[in-house]
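Quick note: numbers below take in every heavy atom, side chains included, and nothing from hydrogens, waters or symmetry partners. Just so it is clear, the model here is predicted, and its values are computed rather than measured. The chain is numbered in sequence order, starting from 1.
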Amino acid sequence: MSSMRTGADYRKSLRDGRRVFILGEGPVEDVTTHPATRAMVEEYVAWYDRHFDPKWQDTLFTPPDKDGCRSPVGYMVPRSPDDLARMGRCFSATTFLSAGNITHTPAYGHLIAMGVQTVVNLRNASPEQRANAEAYRALIARTGRFLTFAAGAATIGYRLREDPAERAALKIVKETDKGLVIRGKIGMHTSPAYAHDVYIGAHNGADYKGHRATFVVAVNAPGVTVVCRKPAARDSNPFSAPLSARFDELDGQMWLDDVLIPWDRVFLTDPFPDPVARWLFWHQLYCWLSKAEFTLGVALACTHAMGLAAHDATVDYLLDLLTDVQTVRSCQTAAELDPEFTPEGYCSPNVCHVAAGSIAMLKARPRMSEILRTLPGSSLVVAPTDHDLADPALAQGLEESFAGGGYTARQRAALLQMAWDHAGSQLDHRESVYELHSNGGIPSWRGRLRRGFNRYEELANGVLQQLGLPMPKVDLQSIRNAPLGARRPVNPTVPPPPPAAEPARNPVTAGKVA
């Protein structure tokens with residue numbers, strides 16, 4: 001990992017001629033300086049620089065080997081439960097810093113590359129494909145190149161095209177000696193403005209020689225345009241928007257206008273993206289867990305600041321939050337201690353435990369936010385900003401209103417602003433909506449749990465054995481093998497034909513009676 005880039009290297013690498021637009025803002029000439037993107041760039045800079053911070057060495061690096069060398073945990077290839085647990089502790093510590101809002105990091109990109117490599121190997125692809133997948137994974141681990149993930153779904157306009165053959169997100173325009181030329185538009189994915197590459201997964205609909213083609217596309221490649229949603233933050237003041245002003249990854253679309261994809265960035269996979277995402281779901285759940293733990297942390301701090309530690313109803317709220325946090329953390333621990341293994345010997349989190357944790361978290365999320373909005377009381381609604389506290393006309397009155405119990409008005413107001421930004425801001429709403437769609441929400445997670453659970457017959461037949469009677473042998477593989485639900489279908493509405501034209505009327509005789 002000697003060539004691991006620094007934060008300064010990362011910042012410099014983004015000035016690569018990429019074509020980025022932000023809705024409501026227009027074109028972005030330089031993502032490192034634009035007001036809508038520079039704060040997030042600096043958060044990624046900090047992510048890289050932590051690898052050179054002595055205080056983070058034991059969290060971000062493996063113990064020294066016999067030669068005294070340490071490797072970044074985020075770029076490990078896990079081969080044991082201990083490896084998964086070490087990676088999990090790293091993800092937990094780093095994602096908590098952003099309250100779970102920075103979900104796509106360069107380490108996440110390495111998990112994508114591992115998933116691609118595993119699927120290519122499972123499909124028994126050509127030796128060249130397998131070598132390309134391993135070479136790309138090794139490139140990311142060696143350099144810290146930032147890869148982000150897109151399932152590859154088409155935009156709504158494409159999906160509503162009248163001709164079904166034209167509804168796929170991508171089309172292969174031609175084949176060349178250097179690679180495939182593709183054209184189209186892919187829908188929502190995260191951090192495209194900040195990444196170096198985007199992996200476009202199997203939902204893209206482009207087939208090559210009877211196989212689903214997926215692609216790693218450089219963000220700055222000729223013909224690529226990234227269009228990001230409007231920023232979540234309405235306020236860039238770090239006092240009143242301590243989270244949303246800093247941690248907005250920006251989701252977006254990618255438009256491709258005859259983009260050449262080199263052969264070593266074309267990967268033939270299954271037509272379903274879940275096998276690539278086996279480690280991503282686990283990392284995602286760590287981000288959700290960090291958000292839940294941050295919610296609990298803010299609630300605990302508000303309990304102290306608002307003098308509610310002896311209030312029974314407040315303690316009950318805290319116990320509800322504790323239960324949600326510990327439930328999901330237990331699922332993560334189980335996923336790591338009871339893992340699955342890929343054919344090449346990689347250790348993968350158990351999908352059943354990850355699915356159970358994901359369902360629990362998705363169900364708990366609305367209630368957790370409601371508790372945090374309820375617990376601080378009405379002061380949450382009227383908390384002042386630092387500008388208000390500095391206003392001579394308001395300063396003394398606000399001090400009287402918000403100080404006390406060992407807190408200054410500024411201290412208590414800062415905490416209340418944090419609580420508001422965490423549970424009531426546009427960034428919080430974005431994250432909630434995004435997670436309902438990014439991997440199918442609870443219905444898809446129920447399907448993954450149904451297919452991953454492998455003890456249907458063991459449990460049912462175990463019960464029947466206790467009856468002491470000859471009983472039919474139970475076979476419930478139909479439950480496990482039933483296909484996952486299809487992506488939400490859309491049906492284009494065919495416009496009615498225009499009304500038939502009326503015969504022309506003679507303006508001289510019009511209205512006359514024969």
Side-chain angles (χ1 to χ4, degrees), residues 92-93 95-103 232 239-244 247 284-334 356-385 398 401-436 441-442 445:
S92 181
T95 56
F96 182 83
L97 299 175
S98 66
N101 287 300
I102 300 181
T103 59
F239 185 93
S240 53
L243 304 177
S244 56
F247 304 130
Q284 171 187 267
L285 188 53
Y286 266 115
C287 294
W288 293 357
L289 178 57
S290 285
K291 189 173 187 70
E293 290 183 330
F294 202 90
T295 301
L296 174 58
V298 175
L300 290 168
C302 286
T303 296
H304 185 267
M306 306 306 291
L308 296 170
H311 183 234
D312 289 344
T314 296
V315 174
D316 283 342
Y317 284 147
L318 296 176
L319 288 174
D320 288 343
L321 298 178
L322 274 167
T323 301
D324 295 331
V325 164
Q326 287 304 109
T327 297
V328 176
R329 185 160 287 283
S330 296
C331 289
Q332 289 289 63
T333 300
S358 297
I359 292 170
M361 194 75 267
L362 287 169
K363 287 182 176 180
R365 163 69 189 273
R367 177 59 175 161
M368 296 186 81
S369 295
E370 180 184 345
I371 288 173
L372 188 53
R373 290 192 291 267
T374 301
L375 191 149
S378 60
S379 296
L380 181 67
V381 180
V382 294
T385 70
L398 290 174
S401 291
F402 286 91
Y407 287 80
T408 66
R410 183 181 180 87
Q411 291 170 332
R412 185 169 280 114
L415 177 58
L416 292 170
Q417 293 289 353
M418 171 77 79
W420 180 275
D421 202 26
H422 184 58
S425 68
Q426 287 295 318
L427 184 64
D428 173 67
H429 295 163
R430 168 266 166 201
E431 195 266 350
S432 179
V433 172
Y434 180 90
E435 300 305 351
L436 294 175
I442 288 180
W445 277 114

Residues which pass side chain to side chain donor-acceptor pair (under 3.5 Å) with Arg367, listed by chain and number, not counting sequence neighbours
Glu370

Less than 4.5 Å apart, any side-chain heavy atom of Ser369 and any of Thr295?
no

If you look only at pairs with a residue in residues 317-326, which of them pass as a side chain to side chain donor-acceptor pair (under 3.5 Å), with sequence neighbours excluded?
none

Closest non-hydrogen contact found for Pro384 with Ala413 is O-CB, 3.6 Å

Could I get the full list of side chain to side chain contact (heavy atoms under 4.5 Å, CB included) partners for Cys331, not counting sequence neighbours?
Ala356

Among residues two or more places apart or on two chains, list those pairs meeting ring pair (Phe, Tyr, Trp, His ring centres under 6.0 Å) that have a residue in residues 406-428.
Phe294-His422, His304-Tyr407

Contact list for residues 411-426, test salt bridge (Lys or Arg N to Asp or Glu O under 4.0 Å), sequence neighbours left out
none

Residues which pass side chain to side chain donor-acceptor pair (under 3.5 Å) with Glu293, listed by chain and number, not counting sequence neighbours
Arg329

Does the side chain of Phe402 come within less than 4.5 Å of Val382's, by heavy atoms?
yes

For the student: nearest non-hydrogen atoms of Ala299 and Leu375, plus distance:
O-CD2, 3.8 Å

Over 12 non-hydrogen atoms of neighbours within 6.0 angstrom of CG in Asp312:
no

Side chains of Met361 and Lys291, heavy atoms from C-beta outward: is any pair under 4.5 Å?
no

Do the non-hydrogen side-chain atoms of Met368 and Leu321 ever get within less than 4.5 Å of each other?
yes

Atom OG in Ser379, atom CG in Leu415: separation rounded to 0.5 Å?
11.0 Å

So how far is it from Leu296 CG to Leu318 CG, rounded to the nearest 0.5 Å?
7.0 Å

List for me each residue that meets side chain to side chain donor-acceptor pair (under 3.5 Å) alongside Thr314, sequence neighbours excluded, and say none if there are none.
His311

Which heavy-atom pair separates Ser92 from Ser290 by the least distance, and what is that distance?
O-OG, 3.5 Å

Under the rule for ring-ring contact (aromatic ring centres under 6.0 Å, His included), what residues qualify as partners of Trp288, not counting sequence neighbours?
none

For the residue pair Leu427 and Ser244, what are the closest heavy atoms and their distance?
CD2-CA, 3.5 Å

Heavy atoms, side chains only, cut-off 4.5 Å: are Val325 and Leu289 in contact?
yes

Rounded to the nearest 0.5 Å, how far does CG of Leu285 lie from OG1 of Thr95?
10.0 Å

If I compare all heavy atoms of Leu416 with all of Ala383, which pair ends up nearest, and what's the gap?
CB-CB, 3.7 Å

Pairing residues for Ala309 by the side chain to side chain contact (heavy atoms under 4.5 Å, CB included) criterion, not counting sequence neighbours:
Thr303

Scanning both residues in full, the closest heavy-atom pair of Gly441 with Leu362 reads C-CD1, 4.0 Å

Please list, chain by chain and in numerical order, all residues satisfying side chain to side chain contact (heavy atoms under 4.5 Å, CB included) with Thr408, sequence neighbours excluded.
Glu399, Arg410, Gln411

Does Ser358 have any side chain to side chain donor-acceptor pair (under 3.5 Å) partners at least two apart in sequence or in another chain, and if so, which?
none

Can you name the residues that form a side chain to side chain contact (heavy atoms under 4.5 Å, CB included) with Ala423, not counting sequence neighbours?
Leu372, Arg373

Donor-acceptor pair, side chain of Gln417 and main chain of Ala241, under 3.5 angstrom:
no

